[in-house]
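Chain letters run A, B, ... following the sequence lines, proteins first and then strands; every chain starts at 1. Predicted, not measured: the structure shown is a model, and the values here were computed from it.
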Amino acid sequence: MKVIFPDGSEKNYNEPITPGQIAKEISEGLYRNAVGAIVNDELWDLERPIDFDCRLKIITKKDKESPEFYRHTMAHIMAQAVMRIYGEDNVRLGIGPTIENGFYYDFEILNGTINESDLENIEKEMKKIIKENLQIERFELSKEEAIKFMKEKGQIYKVELIEEIEDEKVSFYKQGEFIDLCRGPHLPRTGLIKHFKLLSVSGAYWRGSEKNPMLQRIYGTAFATKDELEEYLKMIEEAKKRDHRKLGPKLGLFFINTDVAAGMPIFLPKGSIILNELMQFSRGLHKQYGYLEVMTPLVMNVKLWHQSGHWDHYKENMYFTEKENVEYAIKPMNCPGHILIYKNSVVSYRDLPIRMFEFGKVHRYERSGVLHGLLRVRAFTQDDAHIFCRQDQIEEEVTSVVRLIDELYKPFGFTYRATLSTMPEDHMGDEETWDKATEALRKVLEDIGLDFDVAEGEGAFYGPKVDFHVRDSLGREWQCATIQLDFQMPERFDLTYVDKNGKEVRPVMIHTAKYGSLERFFGILIEHFAGAFPLWISPVQVIILPVSDKYVEYAEKIFNTLTQNGLRVQVDKRNETLGYKIREAQINKIPYMIIVGEKEEMEKTISVRNREGKEFKGISIENFIDELKKEIKERRY
RNA sequence: GCCAACGUAGCUCAACCGGUAGAGCGGCGCAUUCGUAAUGCGUAGGUUGAGGGUUCGAGUCCCUCCGUUGGCUCCA
């Protein structure tokens, strides 16, 4: 049989051969570093024989596919350790896949629970298993045999999994006394991966459904090298330090009173400044792109929500209230309000597109367990827009939205990624319309040259959508902006416009939010900048620190000048040492400190220290103001 | 909602086997009048998340509830 290598070269073999043997042939070094192979696009164990013509690539620890191998194996090592500790008969295995940055395994422990303090013990046992350097062997059973085998072991979840596998044969992996149903791939021996850490335990429903029993999930991470592991753990530490739930209250931006308003953040003056700057920026861009700002009521008759379909599809997430025997709903979305505005007048084809936007405060009930600082709340503000347009305008409109989003994200230094979500199983409208809409979205993304993934079947029930995921300074991704095509609402509300021929035609609705939720975006910004915001959104842009009481008067003069120039300034008049005031300003991440003492007062200058610690002495106030104005105008970060 | 852990001063944390709550920072007061990340001294601050139980005695043990954290589900 013939084996083709990535560089195009070929080699013939008469007997079945393993990728490992081939690697060894090429070089000892390659073999030592190999974790597995890719055979005809399939991840393949290093010691699994090949007996057919194929393309082959040896995967070493450096290849991006390698985590699939060693993290999978790590999950098995963990399961083996858990079984050794709790007893094979007391542990039922769920699933144990690899995930981004790590792996997990779900267990049911029949006679107890696993808690965080047990992790150390499990890690210890895992290290033992690694040291034992057990051979990992793959073998296949027929479905029948496999079910019988797992039934005997009492592994009811595995039996369930096997029953659903379509192939006649299923693969197993064996390392020492541990045998598990698994598609693979795996390392050849347990000793080949050492750098791991167990991170947390949590509950997880079997197959993600609340109707099923809850299993215990252990999360862990593993990397090819010690450095990579340490870097990742450091990143987690850094993320903890930047946690907006800590930084926000500390910097006086917001707090959440969980007692009276769980999930509904209260914004302090400084936080409100930032939100207002964000809104102003977004508002300006929307205006530039031809949107009209509107405002709609928070509380509206439930009738409206019956018509919109929210009553049927979204009731569980809504708040209700009642007066004079009339039931009202607090709005969870802004679209019905905007539709009322559309219907308020007769629309001609010449009027389209109509672009409406609103900083709409919406309330959505979320179960208490899912609330998370500003990132997951019950009350939030969307920079929500709806475009009503003709079918033939979809492409142009979507393009313009994508441009707007790009401009909006630019001054934060985010890179982002788009996903195109296609028709879900449960959908409304005919497939042809769906295809057309989906293709329109795809074409726009391609024309603009934006990288995107396709999420099959992930669209909203009324139309396909494009979501934007921003990547923050720690490499984490957050879903923010969204563009959704909707053919359903115009139908339900009988929206029309009059075309060239005087006929009534159905418009298309495009739902779009750019920041998504202002609260969430704010939370992301806090973590992205670790509280050191760009000048243009900093609540306090400059703090003036007189060296002692004697120079307060001069400080106040400067304060007045800066304030008159539209800067947000404070004077620290407290009777404290300069070092103390600098330290405090530094902790508060204030972009610029102005230090004034005898020298400055005499020379009519200022000394400036930025939050990076750089000092500039003998600066003229005018120059300083000009520089700051420029920095603000350019929205530098 | 479910699983697990946690809840002590504004913040960070301490208090042994159950013996009657303590420190730093911050606040306030006084002194100091200061040159680029913490001046010194003094002082106030607590129904130990809430309620119930066991006990001579509960921050500590048990139960219920509330909340937080990490997840599951859903989503901006």
Side-chain angles (χ1 to χ4, degrees), chain A residues 94 104 106-109 113-119 199-219 240 243 245-246 249-250 255-260 262-263 314 316-317 332-334 360 362 364-384 458 460 467-468 478-482 484 511-521 523-524 545-552 575-588 593-600 607-611 613-617:
Chain A
Y104 67 80
D106 289 343
F107 306 99
E108 186 176 33
I109 311 288
T113 56
I114 301 173
N115 61 42
E116 217 128 312
S117 57
D118 297 324
L119 293 185
L199 298 174
S200 61
V201 221
S202 66
Y205 296 103
W206 168 238
R207 319 202 92 182
S209 166
E210 290 176 30
K211 291 181 197 106
N212 292 333
M214 183 164 266
L215 310 181
Q216 287 195 287
R217 175 171 299 178
I218 302 180
Y219 284 92
K240 259 189 218 157
D243 193 325
R245 292 167 301 179
K246 286 245 153 216
K250 215 171 172 178
F255 66 94
I256 296 174
N257 184 327
T258 53
D259 205 25
V260 301
Y314 211 70
E316 296 308 306
N317 285 297
M333 294 185 194
N334 304 298
V362 295
R364 298 180 187 175
Y365 168 73
E366 299 283 357
R367 296 192 284 183
S368 53
V370 306
L371 299 176
H372 184 96
L374 295 181
L375 301 181
R376 190 78 173 139
V377 293
R378 286 177 175 157
F380 60 101
T381 313
Q382 293 181 304
D383 57 342
D384 202 3
E458 294 287 306
D467 291 323
F468 292 78
W478 310 92
Q479 204 223 296
C480 292
T482 178
Q484 311 179 348
H511 305 242
T512 145
K514 283 82 184 182
Y515 289 131
S517 140
L518 271 144
E519 285 78 356
R520 174 182 283 184
F521 197 79
I524 295 167
L545 312 178
V547 168
S548 81
D549 283 0
K550 287 192 267 184
Y551 313 105
V552 167
N575 180 11
E576 292 289 351
T577 58
L578 181 62
Y580 182 87
K581 292 187 205 177
I582 288 174
R583 181 181 150 80
E584 191 142 297
Q586 195 74 46
I587 288 168
N588 286 315
M593 296 170 223
I594 289 180
I595 289 133
V596 289
E598 194 181 352
K599 218 162 71 203
E600 287 79 9
S607 288
V608 176
R609 179 193 161 110
N610 67 18
R611 66 186 157 200
K614 280 202 193 104
E615 294 169 36
F616 308 91
K617 291 190 175 160

N/O contacts under 3.5 Å, protein versus nucleotides 74-76 of chain B?
unit_1: B/C74; atom_1: O2; unit_2: A/Arg376; atom_2: NH2; d: 2.1
unit_1: B/C74; atom_1: N3; unit_2: A/Arg376; atom_2: NH2; d: 3.4
unit_1: B/C75; atom_1: O2; unit_2: A/Arg376; atom_2: NH1; d: 2.6
unit_1: B/A76; atom_1: O3'; unit_2: A/Gln479; atom_2: NE2; d: 2.8
unit_1: B/A76; atom_1: O3'; unit_2: A/Cys480; atom_2: O; d: 3.4
unit_1: B/A76; atom_1: O2'; unit_2: A/Arg520; atom_2: NH1; d: 3.3
unit_1: B/A76; atom_1: N6; unit_2: A/Glu366; atom_2: OE2; d: 3.2
unit_1: B/A76; atom_1: N6; unit_2: A/Arg376; atom_2: NH1; d: 3.1
unit_1: B/A76; atom_1: N6; unit_2: A/Val377; atom_2: O; d: 3.1
unit_1: B/A76; atom_1: N1; unit_2: A/Val377; atom_2: N; d: 3.4

Between the protein and nucleotides 65-67 of chain B, list the N/O to N/O atom pairs that are separated by less than 3.5 angstrom.
unit_1: B/G67; atom_1: O2'; unit_2: A/Thr258; atom_2: OG1; d: 3.4

Is there any protein nitrogen or oxygen under 3.5 Å from a nitrogen or oxygen in nucleotides 25-30 of chain B, and what are the pairs?
unit_1: B/G26; atom_1: OP1; unit_2: A/Tyr580; atom_2: OH; d: 3.2

Got a list of protein N/O to nucleotides 46-49 of chain B N/O distances below 3.5 Å?
none

Provide a list of protein-nucleic acid N or O atom pairs under 3.5 angstrom, restricted to nucleotides 8-12 of chain B.
unit_1: B/U12; atom_1: OP1; unit_2: A/Lys246; atom_2: NZ; d: 2.8

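With sequence neighbours left out, A/Gln484 forms a side-chain contact (heavy atoms from CB on, under 4.5 Å) with A/Tyr462, A/Lys465, A/Thr482, A/His511. Every residue two or more places apart in sequence or in another chain that forms a salt bridge (Lys or Arg N to Asp or Glu O under 4.0 Å) with A/Asp106 is listed here: A/Arg217. Taking the side-chain contact (heavy atoms from CB on, under 4.5 Å) definition, one finds that A/Val362 meets it with A/Lys331, A/Asn334, A/Arg364, A/Phe380, A/Gln382, sequence neighbours left out. Under the side chain to side chain donor-acceptor pair (under 3.5 Å) criterion, A/Arg245 pairs with A/Asp243, A/His372, sequence neighbours left out. Annotation: side-chain contact (heavy atoms from CB on, under 4.5 Å) contacts of A/Phe255 (sequence neighbours excluded): A/Asn257, A/Ile266, A/Leu268. Shown here are the side-chain contact (heavy atoms from CB on, under 4.5 Å) partners of A/Ser548, two or more places apart in sequence or in another chain: A/Lys550, A/Tyr551. Evaluation of the salt bridge (Lys or Arg N to Asp or Glu O under 4.0 Å) rule for A/Arg367 yields A/Glu210 as partners, not counting sequence neighbours.
At the heavy-atom level, A/Lys581 lies nowhere under 4.0 Å from the strands shown. Across all strands, A/Gly597 comes closer than 4.0 Å to base atoms (heavy-atom distances). Residue-level contact check: A/Ser607 touches the bases, meaning some heavy atom is under 4.0 Å from a base atom. Across all strands, A/Glu600 comes closer than 4.0 Å to base atoms (heavy-atom distances).
For A/Ser200, the listed nucleotide lying nearest its side chain is B/G70; candidates were B/C2, B/G70, B/U36. Comparing B/C72, B/U36, B/U33 against the side chain of A/Ala204 picks out B/C72 as the nearest. Checking B/C34, B/A37, B/G71 against the side-chain heavy atoms of A/Thr577 singles out B/C34 as nearest. Distance from the side chain of A/Met214 is smallest for B/G71 among the nucleotides B/G71, B/U33, B/A37.
For the residue pair A/Ser607 / A/Glu600, a side-chain donor-acceptor distance below 3.5 Å is found, with atom types taken as modelled.
Here B/U43 sits opposite B/G27 as a Watson-Crick or G-U wobble pair (both hydrogen-bonding atom distances under 3.5 Å). When Watson-Crick and G-U wobble pairs are counted only if both distances are under 3.5 Å, B/A4 pairs with B/U69. Across all strands shown, nothing is found opposite B/A15 as a Watson-Crick or G-U wobble partner with both distances under 3.5 Å. As the counterpart of B/A9, no nucleotide is assigned, since no Watson-Crick or G-U wobble pattern has both distances under 3.5 Å. B/A38 is unpaired under the Watson-Crick or G-U wobble criterion, no partner having all donor-acceptor distances under 3.5 Å. Look at B/A50: its Watson-Crick or wobble partner, with both distances under 3.5 angstrom, is B/U64.
For B/U69, the OP1/OP2 oxygens have a side-chain nitrogen or oxygen of A/Arg245 closer than 4.0 Å. The side chain of A/Arg609 contributes an N or O atom lying less than 4.0 Å from OP1 or OP2 of B/A37. Close to B/C34, at under 4.0 Å from its OP1 or OP2, lies a side-chain N or O of A/Lys550.
In B/C17 the O4'-C1'-N dihedral to the base is within 90° of 0, which defines a syn nucleotide.
For A/Arg367 and B/U73, a side-chain-to-base donor-acceptor distance below 3.5 Å is present, hydrogens and geometry of angles not being considered. Counting distance only, with no hydrogens placed and no angle test, the side-chain atoms of A/Tyr205 and the base atoms of B/G71 include no donor-acceptor pair under 3.5 Å.
Within the 3.5 Å criterion, the main-chain N or O of A/Gly263 finds no donor-acceptor partner in the side chain of A/Arg378. Not a single donor-acceptor pair under 3.5 Å links the side chain of A/Gln216 to the backbone N or O of A/Ala204.
Residues A/Arg609 and A/Gly613 approach most closely at NH2-CA, 3.8 Å, considering heavy atoms.
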